[in-house]
Each structure stands twice: as structure tokens, then as C-alpha cells.
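Below is one structure; the comments refer to it alone.
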Amino acid sequence: MKETLLELLTQALSTLKSEGVIPQDHEVEIKLDATRDKAHGDYACNLAMILAKPARMAPRQLADRLIAALPDSPAVSKVEIAGPGFINFFAATAAAAQIIERVIESGERFGRSDFGQGESVQVEFVSANPTGPLHVGHGRGAVVGDCIARLLEATGHRVTREFYYNDAGAQITNLERSVSARIKGLEPSDPAWPEDGYRGDYIADIAHAYRQGETVVADDRRVTAKADPEDREAIREFAVAYLRREQDLDLKAFDVPFDVYFLESSLYSEGKVAATVERLIEGGHTFEADGALWLRTTDFGDDKDRVMRKRDGDYTYFVPDVAYHLDKWRRGFTTVIDEQGADHHSTVTRVRAGLQALGVGIPAGWPEYVLHQMVTVMRGGEEVKLSKRAGSYVTLRDLIDEVGRDATRYFLVARRVDSQLTFDIDLARAQSNDNPVYYLQYAHARLCSVLKRAETQGTPFDQALGLANLGLLEDPREKDLLNRLAAFPEQVARAAKSREPHQIAQYLQELAAEFHTCYNAVKVMVDEPDMRNARLALALAVRQVLRNGLGLLGLDAPEEM
RNA sequence: GCGCCCAUAGCUCAACCGGAUAGAGCAACGGCCUUCUAAGCCGUAGGUUGCAGGUUCGAGUCCUGCUGGGCGUGCCA
């Protein structure tokens with residue numbers, strides 16, 4: 001429908017150009033929007049207002065000329081000029097309803113597109129260090145990154161999902177010391193407890209498992225405990241594997257898969273950090289001062305220069321980050337999206353500056369970042385402070401257990417990433433029976449139910465008959481649904497381009513609301529076969545789009561509730 | 001101090017490249033189950049889009065300045 005209208009407008013535009021009403025060389029992109037208010041028809045175009053100036057004509061007068069130049073089409077039932085010069089199109093029912101046929105034909109592919117043209121894209125997300133369980137903030141990153149990956153896959157990109165973590169630095173030493181202390185029977189309250197050690201109970205669990213000689217299997221490693229309380233290397237290795245396994249279990253329960261686990265230690269062991277440093281020095285953007293090696297990041301927009309190699313000879317964290325991103329670039333990812341918490345936003349300028357300083361032709365704005373704002377957790381009317389060391393903690397697993405996977409995913413992805421988010425656990429649990437996600441799933445279950453009823457009632461859906469009678473779907477509530485269905489593919493494309501999965505959540509709420517309204521007012525299983533089958537065709541199409549949309553968010557589409 | 005993000009109904013949030021009368025949910029109030037799932041629907045009420053300017057046919061959206069909140073500003077990650 002929209003394509004048809006765009007075609008008509010393009011023709012009208014070229015007619016006016018050839019008549020000299022609009023300058024021949026004036027390029028304009030025709031914008032056609034679904035209307036918000038149905039008094040304005042189905043689609044509205046602001047072309048006349050945009051072209052008023054170059055045409056030196058009043059917008060409404062120009063709109064008149066445009067309409068006069070529109071070729072006749074059976075798809076359009078009415079065209080009006082409204083307001084300051086909008087051209088409003090009213091779609092003929094039968095033409096609008098053709099979307100149903102397209103949805104049914106395309107099935108689960110409806111909404112997908114190939115504008116990505118097979119581009120190789122990497123989404124790096126979560127990237128939690130193995131020093132503790134995943135918390136709510138990681139959960140937000142996990143869903144957002146996962147849904148961005150799903151959106152990119154649905155739009156023709158080849159997506160690699162990657163998890164990066166530090167398995168060797170000072171934090172890991174701290175982890176080992178904490179576990180060692182627990183193995184020796186120390187508690188965080190003990191005077192001999194390591195300074196800044198991790199105090200959470202999970203440390204004791206690791207110590208216990210180590211002493212028992214347990215074997216842990218994570219997605220990227222498998223380690224059997226030596227049980228030797230003095231072997232610090234063995235303890236370190238075991239603790240990392242143990243926490244990796246815990247994180248993997250959480251992510252699996254959350255339905256968030258990864259393709260690649262990338263170890264920070266590999267950047268050192270494979271000489272990539274050293275090579276990066278060498279290259280940076282050759283590039284001429286480094287200098288030595290105060291016994292340290294610095295990178296002149298101010299050459300690339302940073303507000304001060306940064307230390308690369310500390311006086312003690314260790315590198316600061318951003319050096320391996322630069323080495324890591326150079327590695328990503330060399331792996332051929334033309335687009336890399338790093339999903340992180342906004343508390344890490346200072347790294348953005350540094351990593352990009354480092355990559356520029358390498359002088360290997362990486363574009364200035366590369367990589368792309370999606371930064372989600374902080375999540376605060378409320379429980380019992382009070383904010384729960386997230387502190388790994390103090391061990392007061394709301395884990396992602398707690399949330400999934402208490403609130404449910406789908407509801408947790410939905411809560412964390414339904415909002416724009418740059419708004420701070422308060423996750424009230426009590427509220428989420430209390431509402432678990434009256435939750436926005438159930439609203440969507442219930443719509444799907446209702447549709448399944450009515451389609452099933454057609455079978456059990458002995459009047460199975462006759463698709464050919466239904467499609468032949470789509471012109472009968474004249475109820476305004478049915479037309480709303482048709483327009484909503486037609487908008488899905490561009491909605492998916494827009495959400496993918498802007499990396500904003502919350503748009504899909506929003507869309508589904510609107511689709512479900514329009515369905516519930518329609519379902520309540522318009523009976524599907526009427527006696528008259530033409531009408532019944534037309535409505536069943538609509539039901540099938542709505543169910544399909546609901547299912548496809550839920551899939552993009554990683555949510556179940558239950559057949560009954 | 002400087003940098004980034006945010007401010008929309010009582011609360012939690014939407015609003016597509018700047019479009020027409022700013023929309024949902026929760027909470028409040030009043031209705032709808034002898035008819036396809038009431039986890040639903042219909043209706044009422046609720047707003048100077050933080051404040052002040054500017055840009056233009058048109059601003060919640062863009063620009064400037066303020067106020068308030070979050071994060072960052074390590075030779076921590």
C-alpha cells in the first residue's frame with residue numbers, strides 16, 4: 001500500500017517538474033507517514049509543505065496541484081488536503097488488506113529484510129569479568145545486546161556475538177586471594193581477611209567446591225579442582241572456571257547465546273599487546289614522562305593524555321582494549337557495536353583515540369557504542385546497593401527465579417537505553433500476573449485459541465476463501481490492525497538501524513492493544529463463511545506478526561495461558 | 001571545575017528524518033462475562049513536555065543559557 005502511494009507521488013512530482021511548477025533539479029525524498037489520527041486517513045504526506053518554498057507557491061495550493069497530478073488508482077479511496085498542507089490518503093479496504101496475504105505467505109520471514117547485505121557485524125556485550133555472579137546491570141546489557149543482535153540478523157547482517165573478559169589481571173589475583181582465604185577457613189570479618197577481598201558468600205561456595213575436587217564445565221573451559229590449598233595457580237584457574245560456569249548458566253537461563261569468548265590474557269600471550277604498543281610508538285603519538293609511557297590522546301579529541309605503561313611496567317586497561325579492537329578490525333568486522341554500561345563511557349574516547357593513533361585506516365567513529373544507563377534495584381522499598389565486595393547483591397539469577405525470564409527480559413529491554421531504570425523487584429513480582437509481557441503473550445494465546453476453535457467447530461479456516469474476501473474487513477478496528485501489520489517491516493528496519501530494541505516492545509504493545517480492542521468488538525467466528533474466513537485470515541496474520549516480534553525480543557509466544 | 005546521559009500525567013515510560021488535538025501501563029473513579037480465554041474491553045479524570053530565550057509555515061524533538069538528577073573525569077577496570 002505504502003509502496004503504491006509512493007509510486008503515485010513520484011509520478012505526480014515528475015509531472016509537476018515537467019510542467020515547471022517545481023524546479024527540475026530540485027531533489028527531494030518523499031516522506032509518507034502512517035497517520036496518528038485516523039481522521040487524517042491512513043497515510044499523510046508533507047511534500048507540499050516542503051516544496052512550497054522552491055515552488056514559490058502556498059502549501060495548500062501546491063497540494064492541490066500535486067493531487068491533480070496523481071494518477072488514478074483503485075488502491076486509493078480518497079485524497080484530502082488538510083491543515084497547513086498535508087496530503088492525506090485514505091486506502092481502499094481491499095488494497096490495504098492485501099498485507100494479510102503477504103504476511104501469510106512470508107510467515108516467519110515477514111518483517112525480515114536484507115538491507116544488511118550480509119555485512120559482517122560484531123556485537124560485543126556483557127563482557128563481565130569472572131569475579132562474581134551477573135547482576136541486574138549485566139542483565140540489561142545482556143538483553144539489549146542480544147536483541148540488537150537479533151535485529152541485525154533479521155535485517156540481513158552476519159552477526160558474531162562476543163563476550164570479552166579479563167582472566168588474568170589484578171582483579172583475578174584478588175579473587176584467588178579471597179578464595180584462598182575461604183579455603184583456610186577465614187571469614188570477611190576476620191582481621192586476616194585480605195584487604196579489598198570479595199566478601200560474598202559465593203566465594204565460600206567456590207572454596208568448598210575446590211576442596212571437594214569438583215570439575216566445572218563452562219562454555220569456554222573445563223577445569224578440575226586440585227584441592228591443594230597452597231596451589232594458588234590452581235585456585236585461580238578453578239575460581240575463574242567456576243564463575244564462568246555460573247555466568248553461562250545465568251545467560252542460558254536468560255536465553256542469551258554467544259559465539260565467541262575472547263580472553264584478555266590471549267592478547268598478552270599472543271603478543272598482541274606488545275605489537276600494539278610498538279605500533280603506537282612508531283605512530284609518533286607517544287611520549288615518556290614521570291617514568292611512564294603516555295599516549296597523546298589529546299591529538300584525537302580526549303581532554304587529557306593517558307598513561308599507557310605505568311611506572312611499575314604494567315599496562316593500563318585501555319592498552320589491551322586497543323589491542324583487542326585492532327584484532328576485531330583485522331577479523332574483518334566493518335561494524336562493531338560495543339554494548340556496555342554507561343559507567344564505562346570514558347573508555348570510548350580512549351579506545352577510538354588509540355585506534356586512530358595506530359594509523360591503520362580505522363574510521364574515526366569506529367567502533368560504535370551502545371551505552372545503557374545504570375539500573376538501580378529496589379527491594380522492600382529500599383535501594384539495594386550493588387557491591388561485589390560487600391556481597392549485598394541482586395543477581396540476575398534472583399530476578400529470573402523471582403520474576404520469570406520473559407518478564408525480566410521485557411522489563412530490561414522495553415525502555416530506551418539512555419534512560420536510567422529502576423527495577424523494583426517487589427513490584428515486578430506483585431505484578432507478575434498483570435505484567436505488560438503477559439498482555440502480549442495473552443494476545444497471541446487468544447489468537448491461537450480462535451484459530452483452534454475453527455478446527456474443533458468443524459469449520460476449518462479456508463485460506464483461499466478468506467483471501468478472496470479481504471475486502472469485507474471494513475471495520476475501523478480491523479483497518480487499524482491492517483495498517484499496523486503493514487508497518488512491521490519498516491519498524492524492524494528502523495529499530496535495527498538505530499540499535500533500539502525498545503521500539504519493538506513499543507510496537508508490540510500497540511499491535512496487541514489494537515488486537516484486543518478489535519477482538520472484543522468484532523466476532524471472528526460468525527456463521528457467514530466469507531466474513532468468517534476473511535477474519536480468520538486477519539487473525540492468522542496478526543498472530544504471525546506478534547510471534548515474529550516476540551521472537552525479536554527473545555520472548556515466548558505461548559499457545560495458551 | 002570540565003565531559004557524557006537524562007528531565008514528558010500522581011508513579012513507570014512512549015512519541016519514527018521537526019508535523020496536525022503529546023500517547024500507553026500502573027494508581028483513582030464508573031461501566032461490560034447465557035457469545036470466539038475478563039491475564040481482556042469501554043468510558044471519566046489527570047499536562048504551560050524542568051525554566052528562559054532562539055531557529056521556522058510548524059519544536060517534546062534542533063541551538064544557546066540556566067536549574068535539578070545520574071555517570072565519568074586514576075599510573076583502577
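Nothing here was measured: the structure is a model prediction, and the numbers come from that model. Just so we're on the same page: letters track the sequence lines, and every chain starts at 1.
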Next on the checklist: Under 4.0 Å, counting only non-hydrogen atoms across every strand here, what does A/F318 touch: a base, just sugar-phosphate, or nothing?
Outcome noted: nothing

Checklist entry - Is A/R36 near enough to B/rA20 that one of its side-chain N or O atoms lies under 4.0 angstrom from OP1 or OP2? => result yes

Next on the checklist: When the P atoms of B/rA9 and B/rC71 are compared, how many Å lie between them, rounded to an integer?
Outcome noted: 23 Å

Item to check | Between C1' of B/rA15 and OH of A/Y507, the distance in whole Å | outcome: 16 Å

Checklist entry - Is the shortest side-chain N/O distance from A/R416 to OP1 or OP2 of B/rC6 below 4.0 Å? => result yes

Checklist entry - When you measure from the side chain of A/D290 to the backbone N and O of A/A292, does any donor-acceptor pair fall under 3.5 Å? => result no

Next on the checklist: Categorize A/E559 for me: base, sugar-phosphate, or nothing, with a 4.0 angstrom heavy-atom threshold over every strand shown.
Outcome noted: base

Next on the checklist: Check for me whether the distance between the ring centres of A/F163 and A/F125 falls short of 6.0 Å.
Outcome noted: no

Checklist entry - Across the strands shown, which category fits A/A44 at heavy-atom distances under 4.0 angstrom: base, sugar-phosphate, nothing? => result base

Next on the checklist: At 4.0 Å (heavy atoms only), tell me whether A/H40 reaches a base, stays on the sugar-phosphate, or touches nothing.
Outcome noted: base

Next on the checklist: Taking any heavy-atom pair under 4.0 Å as a contact, classify A/N166: base, sugar-phosphate, or nothing.
Outcome noted: sugar-phosphate

Item to check | Pair of N/O donor and acceptor under 3.5 Å linking B/rA20 base with A/N88 side chain | outcome: yes

Checklist entry - Which is true for A/L421 with a 4.0 Å heavy-atom rule: it touches a base, it touches only sugar-phosphate, or it touches nothing? => result sugar-phosphate

Checklist entry - Under 4.0 Å between a side-chain N or O of A/K310 and OP1 or OP2 of B/rC76? => result yes

Item to check | Sub-6.0 Å ring centroid separation between A/H285 and A/F300 | outcome: yes

Checklist entry - Considering only side-chain heavy atoms of A/M49, which listed nucleotide, B/rC42, B/rG19, B/rA38, is closest? => result B/rG19

Next on the checklist: Using the side-chain heavy atoms of A/K31, tell me which of these nucleotides is nearest: B/rC17, B/rA20, B/rC36.
Outcome noted: B/rC17

Checklist entry - Between B/rC51 and B/rU8, how far is it from one P atom to the other, in whole Å? => result 10 Å

Checklist entry - Does B/rC57 have OP1 or OP2 sitting under 4.0 Å from an N or O in the side chain of A/R60? => result no

Checklist entry - Using a cut-off of 4.0 Å on non-hydrogen atoms, how would the nucleic acid contact of A/R494 be classed: base, sugar-phosphate, or nothing? => result base

Checklist entry - Can you list the steps and then say if A/D527 with A/R532 is a salt bridge (Lys or Arg N to Asp or Glu O under 4.0 Å)? => result CA-CA 7 Å; A/D527 291 337; A/R532 183 179 66 242; 5.6 Å; no

Checklist entry - Rounding to a whole Å, what distance do you find between A/Y43:OH and B/rC16:P? => result 18 Å

Checklist entry - Is there a donor and acceptor pair, one atom on the side chain of A/R415 and one on the base of B/rC13, closer than 3.5 Å? => result no

Checklist entry - A/R416: what forms a salt bridge (charged side-chain N to carboxylate O under 4.0 Å, His left out) with it, not counting sequence neighbours? => result A/D418

Next on the checklist: Looking only at side-chain N and O atoms, does A/N129 offer a donor or acceptor that is under 3.5 Å from a partner on A/N166?
Outcome noted: no

Checklist entry - Which part of the nucleic acid, if any, lies within reach of A/T517 when heavy atoms closer than 4.0 Å are counted: base, sugar-phosphate only, or nothing? => result sugar-phosphate

Checklist entry - Which is true for A/A82 with a 4.0 Å heavy-atom rule: it touches a base, it touches only sugar-phosphate, or it touches nothing? => result base

Next on the checklist: Does A/V417 reach a base, just sugar-phosphate, or nothing at all? Heavy atoms under 4.0 Å.
Outcome noted: nothing

Checklist entry - Hey, is A/H502 stacking on B/rA14? Ring centres under 5.5 Å, planes under 30°. => result no

Next on the checklist: Of the options B/rU21, B/rC75, B/rG19, whose atoms approach the side-chain atoms of A/D37 most closely?
Outcome noted: B/rU21

Checklist outcome for this item: Per-nucleotide protein contact along nucleotides 68-73 of chain B, 5' to 3', at a 4.0 Å heavy-atom cut-off (B base, S sugar-phosphate only, - neither), is -BSBSS

Next on the checklist: Just to be sure I understand the rule, does A/E560 reach a base, reach only the sugar-phosphate, or reach nothing, if contact means heavy atoms closer than 4.0 Å?
Outcome noted: base

